[in-house]
2 protein chains.
Amino acid sequence: MNLTKTEENYIKAIFHLQQSEGNVTTNQLAASILTKPASVTDMLKKLTSKNLIDYEPYQGVRLSKEGKKQALMIVRKHRLWEYFLVEKLQFGWDEVHEVAEELEHISSKKLVEKLDAFLEHPKFDPHGDPIPDSNGNMVYMRLYNLKDVKPHVLVELCNVGSQSAELLDLLKHKNIVIGTRMEVLRKFSFDNSVEISIKNKPAITISQQLSEALFVKLI
Amino acid sequence: MNLTKTEENYIKAIFHLQQSEGNVTTNQLAASILTKPASVTDMLKKLTSKNLIDYEPYQGVRLSKEGKKQALMIVRKHRLWEYFLVEKLQFGWDEVHEVAEELEHISSKKLVEKLDAFLEHPKFDPHGDPIPDSNGNMVYMRLYNLKDVKPHVLVELCNVGSQSAELLDLLKHKNIVIGTRMEVLRKFSFDNSVEISIKNKPAITISQQLSEALFVKLI
DNA sequence: AATTATTTTTAGACAAACCTAAATTATTTT
DNA sequence: AAAATAATTTAGGTTTGTCTAAAAATAATT
Ligand SMILES: [Mn+2]
Ligand SMILES: [Mn+2]
Ligand SMILES: [Mn+2]
Ligand SMILES: [Mn+2]
């Protein structure tokens, strides 16, 4: 059951789009893969014949059990390589995605497992996304958008909603990284800015845009 | 000037086949790439139009200046990844080639340079082959096949003529690695076996087959 | 319920990389 | 120098993944 790079990219795109409810539509996939709907239909037929998806014409698509298994392994590789690039090769946050997009298609099972061991089995990638283990299991964590957190609640930054250089730049300047603990002090309804305190430091104010890009867990 | 994976594999194969003299023939290439001569001819036309090779129908092929430059960068990536796999991920000698065959096609310039730095700019890959630097220069070393070395000459193992698990296994058993220094004591013409001494250890005898797989430099 | 708009699929083509079989060209052998 | 052999190229197809344009199905409006 060896997949081509293109098939893998489709499978992964379906995986990300189908998160939770509903079927993934042809147009959604075309947009996500930067291709045309007609090409997607062709590929959906192919993936159906390989039993990787459940697909009814005009009704959208979901991954089959086998498809989901394959998707998890691609996501595993993608996130392990991102972790490697940031932690070992000193890449920035914002630079790793495209490279990992290529590295994720290297199929050696042994390579993945040895890389995982070398990295000491990380649980999260540099953007805070969970890394599936070799069985496809990953840590689930209930996350909240910082903009929805009530004042006086202690939280820890776990994930970012964007991987842009701009966001990385801003967070660096504010000395915030994934894992940083903070408390929401108050919120200003005029501009939806949020005042937060990071331990031992004077309170700072962050913009609505920034608060919407930060996902935290309760502690 | 972006090359496909297939184009890169052809360029690299030509590079390895053309070492020193003569043009590379269509049949040589077909054998090396595990394809048919007709397919090679198609690709040679394509590479000619991209100015990567000098090719006259029926007369064989050589890399152009640009082609050689590209080939050196692919070889650089291949050997850096092999070094990474052995030194960091604990792969065996014999296991790295196929994986590196895939990794070498990842095109990020930044990735190569950062990997090189992470590995501390190694000069040789795990098989003793020189790694081109970012300008395409590599260490040249006059090597001799151990079977041709005269008695009482001190030498150092620099390269192996095979990457098989079998050779690795035998060398491990005899405690020989790349870098091991040895002296040829005498040679037996009955079976072309060679008696060598490795410092502080009792003399050992190696077979003709093994002596032909070992390449050494004089010290 | 009928019309219009949107989404999706089908039909027919194309480029990349490969193939087999046949035609050419080059090299050996007689 | 002619004939036989070997190497190489051409001709014509296939598969994979893509595309545009047209047809069909679904969804949204009136
Ligand atoms: Mn990808
Ligand atoms: Mn990520
Ligand atoms: Mn390769
Ligand atoms: Mn090597």
Q: Return the value, rounded to whole Å, for the distance between atom OH of A/Tyr55 and atom C1' of C/dT7.
A: 11 Å
Q. To the nearest Å, how far apart are B/Met43 CE and C/dC19 P?
A. 11 Å
Q | Residue A/Asn27, side-chain heavy atoms: nucleotide from D/dT26, C/dT20, C/dT8 that is nearest | A | C/dT8
Q) Taking C-beta and beyond as the side chain, do A/Arg79 and A/Val75 meet within less than 4.5 Å on heavy atoms? A) yes
Q: Find out whether B/Cys158 and B/Met141 are in side-chain contact, i.e. whether some heavy atom of one side chain is under 4.5 Å from a heavy atom of the other.
A: yes
Q: Starting from P on D/dT9, measure out to NZ on B/Lys36 and report it in whole angstrom.
A: 17 Å
Q.
Does the Lys NZ or Arg CZ of B/Lys114 fall within the cation-pi geometry relative to A/Phe91 - under 6.0 Å from the ring centre and within 45° of the axis?
A. yes
**Q.** Nucleotide C/dA16, atom P - distance to CG of B/Leu3 in whole Å
**A.** 13 Å
Q: Name the pairing partner of D/dT18, where a pair is Watson-Crick or G-U wobble with both distances under 3.5 Å, or state none.
A: C/dA13
**Q.** Residue B/Thr41, side-chain heavy atoms: nucleotide from D/dT10, D/dT18, D/dT26 that is nearest
**A.** D/dT10
(Q) Could you tell me if B/Lys88 sits above the aromatic ring of B/Phe118, with its cationic atom closer than 6.0 Å to the ring centre and no more than 45 degrees from the axis? (A) yes
Q. Among D/dC19, D/dT10, C/dT24, which is the nearest nucleotide to the side chain of A/Asp42?
A. D/dC19
Q: Report yes or no: is the cationic atom of A/Lys68 (NZ for Lys, CZ for Arg) closer than 6.0 Å to the six-membered ring centre of A/Phe15, at no more than 45° off its axis?
A: no
Q) Which part of the nucleic acid, if any, lies within reach of B/Pro57 when heavy atoms closer than 4.0 Å are counted: base, sugar-phosphate only, or nothing? A) sugar-phosphate
(Q) Distance check needed: C/dC18 P versus B/Glu7 CD, whole Å only. (A) 10 Å
**Q.** Separation of D/dA24 P from A/Gln59 CD (nearest whole Å)
**A.** 19 Å
Q: Searching all strands shown, indicate the nucleotide that pairs with C/dA22 (Watson-Crick or G-U wobble; both distances under 3.5 Å).
A: D/dT9
Q. Across the strands shown, which category fits A/Thr26 at heavy-atom distances under 4.0 angstrom: base, sugar-phosphate, nothing?
A. sugar-phosphate
Q.
Any strand counts, and the cut-off is 3.5 Å on both contacts for Watson-Crick or G-U wobble. Which nucleotide pairs with C/dT30?
A. D/dA1
**Q.** Within-4.5 Å side-chain heavy-atom neighbours: B/Leu47 and B/Glu7
**A.** yes
**Q.** From D/dT10, C/dC18, C/dA11, nucleotide with atom closest to B/Thr6 side chain
**A.** C/dC18
Q) If we call it a pair only when both distances are under 3.5 Å in a Watson-Crick or G-U wobble match, what pairs with D/dT30? A) C/dA1
Q: Look through every strand shown and name the nucleotide pairing with C/dT7 as Watson-Crick or G-U wobble, where both distances are under 3.5 Å.
A: D/dA24
Q) Where the side chain of B/Tyr58 is defined as all heavy atoms beyond and including C-beta, which of C/dT25, D/dT20, D/dA24 is the nearest nucleotide? A) C/dT25
Q) CD of B/Glu56 versus P of C/dT25: gap in Å, rounded? A) 15 Å
Q.
Without decimals, in angstroms, what is the distance between B/Asn2 CG and C/dA16 C1'?
A. 16 Å
Q. Hey, does B/Thr35 reach any base, or is it just sugar-phosphate, or nothing, if we go heavy atoms under 4.0 Å?
A. sugar-phosphate
Q: Could you check whether A/Lys45 gets within reach of a base, just the sugar-phosphate, or nothing at all, counting any heavy atom under 4.0 Å?
A: sugar-phosphate
Q: Identify whether any heavy atom of A/Ser39 sits under 4.0 Å from a base atom; if not, whether one sits that close to sugar-phosphate; answer base, sugar-phosphate or nothing.
A: base
